[in-house]
Amino acid sequence: MPRRSYDFQAIEPKWQRWWKERRVAAVNTAAPADKFYTLMMFPYPSGKLHVGHGRNYILGDAVYRYFRMRGRRPLNPMGWDSFGLPAENAALKRGSHPHAWTMENIAEMKRQFHAWGVLYDWDREVMTCVPEYYRWNQWFFIQMFKKGLAYRGLANANWCPSCATVLANEQVVGGGCERCGTAVEGRLLEQWYFRITAYAERLLQGLDRLRQWPERVVTLQRNWIGRSEGTDIAFEIPDLKETVTVFTTRPDTLFGATYLALAPDHPLAERLIRPGDLAELQKMRLRKQDDTDEKWGIPTRFEALHPLTGGRIPVWIANFVLMEYGTGAIMSVPAHDQRDFEFATRYGIPIVEVIHRDGGFDGTAAYTEEGTLARSGKFDGMPNDEAKRAITAELERAGKGKGSVRYKIRDWLISRQRYWGTPIPIVYCPSCGPVSEKEEHLPVVLPTDVAIQGSRGNPLASHPGFLNAPCPKCGKASRRETDTMDTFVDSSWYFCRYITPREDGAMFRSDLVNAWLPVDLYIGGIEHAILHLLYARFFTHALRDLGMTDFEEPFKQLFTQGMITKHSEVTGKLEKMSKSKGNVVAPDDIIRDHGADTERLYTLFIGPPEKDAEWSDQGVLGASRFLNRLWQFAQEAAEAAGEAEHGADEAALARKLHQTIKKVTGDYERFHFNTAIAAIMELMNAYGRYHERPARSASLEREVLTTVVKLLHPMAPHVTEELWEQFGNEPSLLEVPWPSYSPDLAKEETVTVVVQVNGKLRDQIQVPESASREEILEAARQAPRAAPFLEGKALRREPVYVPKKLVNFVVG
RNA sequence: GCCGGAGUGGCGAAAUGGGUAGACGCAAGGGACUUAAAAUCCCUCGGGGUAUCAACUCCAUGCCGGUUCGAGUCCGGCCUCCGGCACCA
């Protein structure tokens with residue numbers, strides 16, 4: 001809809017060119033004096049950016065520009081997370097090559113960044129899909145391989161049938177594929193892993209040092225790592241001449257163990273079962289673990305010896321025991337574990353109560369709380385908490401157990417049966433087995449002359465030029481690994497690459513990376529709380545162990561902004577913006593109709609940035625109105641002549657101005673852009689009222705407008721640069737110091753003191769700012785609307801007095 | 001089930017260390033301007049009651065209770081919603 005407004009269509013491109021031509025955000029990383037590193041999570045080039053993406057980048061740009069006006073010069077780079085499955089899917093659908101599709105998207109999205117007026121040091125642009133970048137994924141992989149931290153393992157992997165690839169544990173969300181939502185299946189496959197579990201303890205400990213991370217992200221990661229302290233206990237199976245070790249966090253319940261249960265894929269499972277049960281075992285192995293499944297088991301021919309009593313207990317194979325956690329075997333204590341209870345009840349296995357308390361175990365469900373030991377030999381009567389230590393110590397003396405720490409986190413599966421990713425630099429030699437490529441042969445280049453054929457396998461497997469390679473060790477004709485790496489590998493170290501983006505002899509220059517890292521402020525979406533942020537932390541720890549860097553944690557301060565949502569006609573609900581939900585708002589349209597500054601202002605005004613917020617087309621109009629009003633005031637000020645004497649109205653406006661500077665500055669420091677904008681709006685409302693007066697001070701009006709232009713610049717950079725120039729100043733506002741306020745001028749001459757009687761608001765009085773406690777109390781006593789409530793009543797205590805704010809009379 | 005987070009007007013929200021609840025904006029209603037509309041500007045805007053008009057008063061921050069002179073804010077117990085994990089022994 002056409003509206004009368006300032007000419008943003010001319011102003012915005014003008015300033016975008018101005019900033020670009022002067023490379024205003026360029027930083028020389030070779031001279032790291034007063035280093036400061038701000039970073040927005042780089043995007044996947046999926047096509048077009050929508051206003052939901054905008055929140056991240058607009059927020060980051062406002063912070064960046066604010067820092068600039070505070071005299072800092074942050075490093076603020078941008079790049080592209082440009083390997084990934086959507087490129088292949090698009091290739092299938094439209095017949096384009098993933099590379100061409102990706103490059104087109106990058107060009108388009110770069111144009112959109114530009115149109116938002118966000119500033120990056122584009123000289124440092126990084127793309128993960130080029131050999132100059134991904135060769136260092138390969139180099140890193142080889143270092144990890146040499147240290148045994150990258151390994152090939154056989155495990156029940158998560159398979160997404162729609163994406164035709166395996167997924168990391170972290171990429172399975174609620175049993176479905178993180179990307180497409182398809183239900184994930186279990187498949188026993190040999191795949192490449194990074195041994196992130198070797199870093200579990202350090203990744204956990206490191207969380208304590210991340211004081212400037214949102215607590216909920218830290219909690220999410222802590223739970224994901226899932227540290228448990230307990231005891232490993234060895235149960236002998238004499239007839240098989242084997243020992244089964246179990247892990248338990250409840251060694252205090254050891255005397256209540258009435259059976260052992262092993263995972264169906266436990267190494268001993270096949271030898272334990274009766275020969276006729278093999279089909280049952282196979283069936284159990286195929287069934288995906290699912291808590292809606294009933295617990296069931298296969299009894300075995302064997303019994304195990306209780307390590308302390310020597311009593312015999314049966315050994316079962318049970319569907320609810322996970323091979324991936326602990327030792328893949330458990331001791332079952334039905335009286336004190338609900339799962340064990342359900343299983344025991346079903347199969348008539350004895351239930352022995354060993355942790356006693358009145359109202360404790362009642363035979364209908366497991367009792368899992370505190371209590372004292374019973375039926376536990378010499379431990380009887382001991383509080384169970386103490387018994388955990390005592391029984392573990394006893395087992396250690398007997399050589400049948402030891403204290404143990406286990407983690408829920410699993411190794412990171414990085415193989416992907418896809419084309420558009422980093423080739424894993426491994427060659428399978430018929431004599432030497434899997435051999436890593438020689439470092440001087442890197443990069444193993446991803447061939448571009450392939451035909452994408454959909455889920456019918458990876459095109460690399462039918463590309464002879466890629467597939468056939470000599471063994472790096474013995475030279476024998478061999479076959480290359482055709483799987484590519486999870487794209488989270490790419491994003492796990494890109495923040496280091498920005499420091500020396502064109503370095504071709506190493507991942508990066510260590511001295512400069514040590515000088516510039518960790519990132520001082522990292523801004524991105526909460527959806528990466530586990531995946532990206534955990535992997536990046538892991539890489540950073542590993543890089544230090546490789547001697548590449550001297551720091552362990554990559555991101556000092558993390559800010560996670562909420563999603564922009566909008567009602568979806570497809571689902572009928574509020575949803576995160578996405579093409580499939582049909583609720584995308586295009587920045588191009590907003591910028592065309594209202595300007596980028598309006599989109600920016602509205603995006604920052606929509607609510608607290610860490611919370612989700614619903615996009616409102618009406619709200620955009622409010623932001624637009626405000627900027628137009630500012631523009632209008634500025635035009636009138638330019639015409640204004642005359643200088644009124646400074647009186648009470650002038651003092652009031654000046655006071656409001658200085659209070660606003662104070663308020664807005666505090667709000668910027670805490671990223672509370674919504675309240676900063678509200679404060680500036682209040683100031684402009686006061687200005688508008690002042691402006692109605694017949695006699696006005698042009699110099700004061702000019703001062704207010706000039707200051708507002710500065711305060712608003714980080715949020716609405718184009719219109720403010722234009723007005724700054726109109727006022728006769730040299731651009732750019734980026735170089736203009738942030739306004740400071742005068743505490744004297746900000747101080748109120750009179751303050752409002754609230755008068756309460758028994759905590760109820762009864763009146764408000766105006767007193768001079770300089771009034772003493774006694775004067776204020778006296779004035780409060782006489783406050784006309786409060787006095788009736790005081791009449792004839794005795795004070796029950798000294799009046800409560802909050803200096804210059806409140807008086808509360810407590811009467812009988 | 002476990003672990004987080006959040007519940008304040010019609011809506012987005014504000015209240016920074018317990019001290020005037022609802023700033024700022026959106027929507028809505030009324031008015032001015034206009035041939036008319038758009039745009040712009042002005043006024044009203046949590047609920048009830050007594051009033052009649054510049055007033056007074058009670059209630060109100062998911063629910064119940066507590067601490068306090070005073071609670072949106074602190075404590076205890078519930079309810080609802082959102083996110084994460086989910087047979088992790």
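Below, read A as the first sequence line, B as the second, and so on, with proteins coming before strands; counting in each chain starts at 1.
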J.: In whole angstrom, give me the gap between the C1' atoms of U73(B) and G18(B).
T.: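 These two C1' atoms come out 7 Å apart once rounded.
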J.: Compare side-chain N and O positions of R625(A) against OP1 and OP2 of C24(B) and report whether any pair is under 4.0 Å apart.
T.: no
J.: For the pair V354(A) and F361(A), evaluate side chain to side chain contact (heavy atoms under 4.5 Å, CB included) and give the outcome as yes or no after the intermediate values.
T.: CA-CA 9 Å; V354(A) 291; F361(A) 181 70; over 6 Å; no
J.: Please find the pair of heavy atoms, one from F809(A) and one from V755(A), that lie closest to each other, and give the distance.
T.: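 Smallest heavy-atom distance, with atoms named: CE1-CG1, 4.0 Å.
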J.: Side chain of L322(A) only, please: which of G4(B), A21(B), A89(B) is the nearest?
T.: A89(B)
J.: Heavy-atom nearest nucleotide on RNA chain B for G326(A) versus I677(A): which residue maps closer to 5'?
T.: I677(A)
J.: Over how many whole Å does the gap from K804(A) atom NZ to U20(B) atom P extend?
T.: 17 Å
J.: Rounded to whole angstroms, how far apart are CZ on R216(A) and C1' on G84(B)?
T.: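 R216(A) atom CZ is separated from G84(B) atom C1' by 10 Å.
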J.: Provide, to the nearest angstrom, the distance between the CZ atom belonging to R689(A) and the C1' atom belonging to C43(B).
T.: 14 Å
J.: Give me the one residue out of D232(A), T249(A), T392(A) that meets side chain to side chain donor-acceptor pair (under 3.5 Å) with S404(A).
T.: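 So, applying the side chain to side chain donor-acceptor pair (under 3.5 Å) to S404(A) and each of D232(A), T249(A), T392(A), only D232(A) qualifies.
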J.: Taking atom P in both G46(B) and G22(B), what distance in whole Å separates the two?
T.: 10 Å
J.: If you define the side chain from C-beta out and look only at heavy atoms, does anything of F626(A) sit under 4.5 Å from M681(A)?
T.: yes
J.: In whole Å, I'd like the distance from the NE2 atom of H528(A) to the P atom of G84(B).
T.: 13 Å
J.: Mind checking if R762(A) touches a base, just sugar-phosphate, or nothing, with heavy atoms under 4.0 Å?
T.: sugar-phosphate
J.: If I pick the C1' atom on U57(B) and the same atom on A39(B), what distance separates them, to the nearest angstrom?
T.: 42 Å
J.: Can you tell me how far C1' of G84(B) sits from CG of L533(A), to the nearest Å?
T.: 14 Å
J.: Checking all strands, does G226(A) fall into the base, sugar-phosphate, or nothing category for heavy-atom contacts under 4.0 angstrom?
T.: nothing
J.: What's the closest nucleotide to the T249(A) side chain, out of C24(B), U20(B), A89(B)?
T.: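 The closest nucleotide is A89(B).
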J.: Would you classify Q764(A) as touching base, sugar-phosphate or nothing, given that sugar-phosphate means primed atoms plus P, OP1 and OP2, and contacts are heavy atoms under 4.0 Å?
T.: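 Touches a base.
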J.: Can a side chain N or O of R797(A) be found less than 4.0 Å away from OP1 or OP2 on C69(B)?
T.: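 Yes, because at least one side-chain N or O of R797(A) sits under 4.0 Å from OP1 or OP2 of C69(B).
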J.: Rounded to the Å, how far apart are E215(A) CD and G84(B) C1'?
T.: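 Value for this atom pair: 14 Å.
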J.: Walk me through whether R537(A) and Q221(A) qualify under side-chain hydrogen bond (donor to acceptor under 3.5 Å, both in side chains).
T.: CA-CA 11 Å; R537(A) 293 184 58 226; Q221(A) 291 211 357; 2.8 Å; yes
J.: Between A55(B) and C64(B), how far apart are the P atoms? Round to whole Å, please.
T.: 32 Å
J.: Atom NZ of K295(A) and atom C1' of G1(B): how far apart are they, to the nearest Å?
T.: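 Rounding to the nearest Å, NZ of K295(A) and C1' of G1(B) are 12 Å apart.
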J.: C1' atom, A60(B) versus G7(B): distance in rounded Å?
T.: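 It comes out at 15 Å once rounded to the nearest Å.
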J.: Starting from the C-alpha separation in whole Å, work towards a yes-or-no answer on ring pair (Phe, Tyr, Trp, His ring centres under 6.0 Å) for W316(A) and Y347(A).
T.: CA-CA 11 Å; W316(A) 287 70; Y347(A) 291 106; 4.6 Å; yes
J.: R250(A) or L761(A): which one's nearest nucleotide on RNA chain B is closer to the 5' end?
T.: L761(A)
J.: Does any N or O in the side chain of D337(A) come within less than 3.5 Å of the main-chain N or O of S332(A), such that one atom is a donor and the other an acceptor?
T.: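 Checked: no pair found.
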J.: Please give the distance between the P atoms of G83(B) and G72(B) as a whole number of Å.
T.: 30 Å
J.: Please walk me through it: do E682(A) and K656(A) pass salt bridge (Lys or Arg N to Asp or Glu O under 4.0 Å)?
T.: CA-CA 9 Å; E682(A) 273 189 69; K656(A) 185 76 183 169; 3.0 Å; yes
J.: Kindly point out which of C26(B), A23(B), G84(B) is positioned nearest to the side chain of A678(A)?
T.: A23(B)
J.: OP1, OP2 of A89(B) versus side-chain N and O of S228(A): anything below 4.0 Å?
T.: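 Checking S228(A) against A89(B): at least one side-chain N or O falls below 4.0 Å of OP1 or OP2.
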J.: What is the distance, rounded to the nearest whole Å, between atom CG of D252(A) and atom C1' of A89(B)?
T.: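 Result: 13 Å.
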J.: For the P atoms, the ones on A21(B) and on G31(B), what distance do you get once it is rounded to whole angstrom?
T.: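 It works out to 34 Å between them.
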J.: Looking only at heavy atoms, which two atoms of Q659(A) and E748(A) are closest? And how far apart?
T.: NE2-OE2, 2.9 Å
J.: Could you write out RNA chain B as dot-bracket? Rules: Watson-Crick or G-U wobble, both distances under 3.5 Å, brackets [ ] for crossings, | for pairs with another strand, dot for unpaired.
T.: (((((((..(((......[....))).(((((.......))))).(((((....)))))..(((((..]....))))))))))))....
J.: Can you find a side-chain donor-acceptor pair between H691(A) and E636(A) that sits under 3.5 Å?
T.: yes
J.: Does A23(B) have OP1 or OP2 under 4.0 Å away from a side-chain N or O of N685(A)?
T.: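 For A23(B), OP1/OP2 do not have a side-chain N/O of N685(A) under 4.0 Å.
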J.: When every nucleotide of nucleotides 7-19 of chain B is labelled 5' to 3' by its protein contacts under 4.0 Å (heavy atoms), B for base, S for sugar-phosphate only, - for none, what sequence of letters results?
T.: -----BSS-B--B
J.: Flag the pair F343(A) / F341(A) as yes when their ring centroid distance falls below 6.0 Å, and as no otherwise.
T.: no
J.: Across the strands shown, which category fits R222(A) at heavy-atom distances under 4.0 angstrom: base, sugar-phosphate, nothing?
T.: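 Here R222(A) touches no strand at all.
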J.: Quote, to the nearest angstrom, the P distance that separates C3(B) from G77(B).
T.: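 Approximately 12 Å lies between the P atom of C3(B) and that of G77(B).
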J.: If the glycosidic angle is within 90 degrees of 0 it's syn, otherwise anti, so just tell me which one G9(B) is.
T.: syn
J.: Would you please indicate yes or no on a ring centroid separation below 6.0 angstrom for W412(A) and Y193(A)?
T.: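 Not close enough - the centres of the two rings lie 6.0 Å or further apart.
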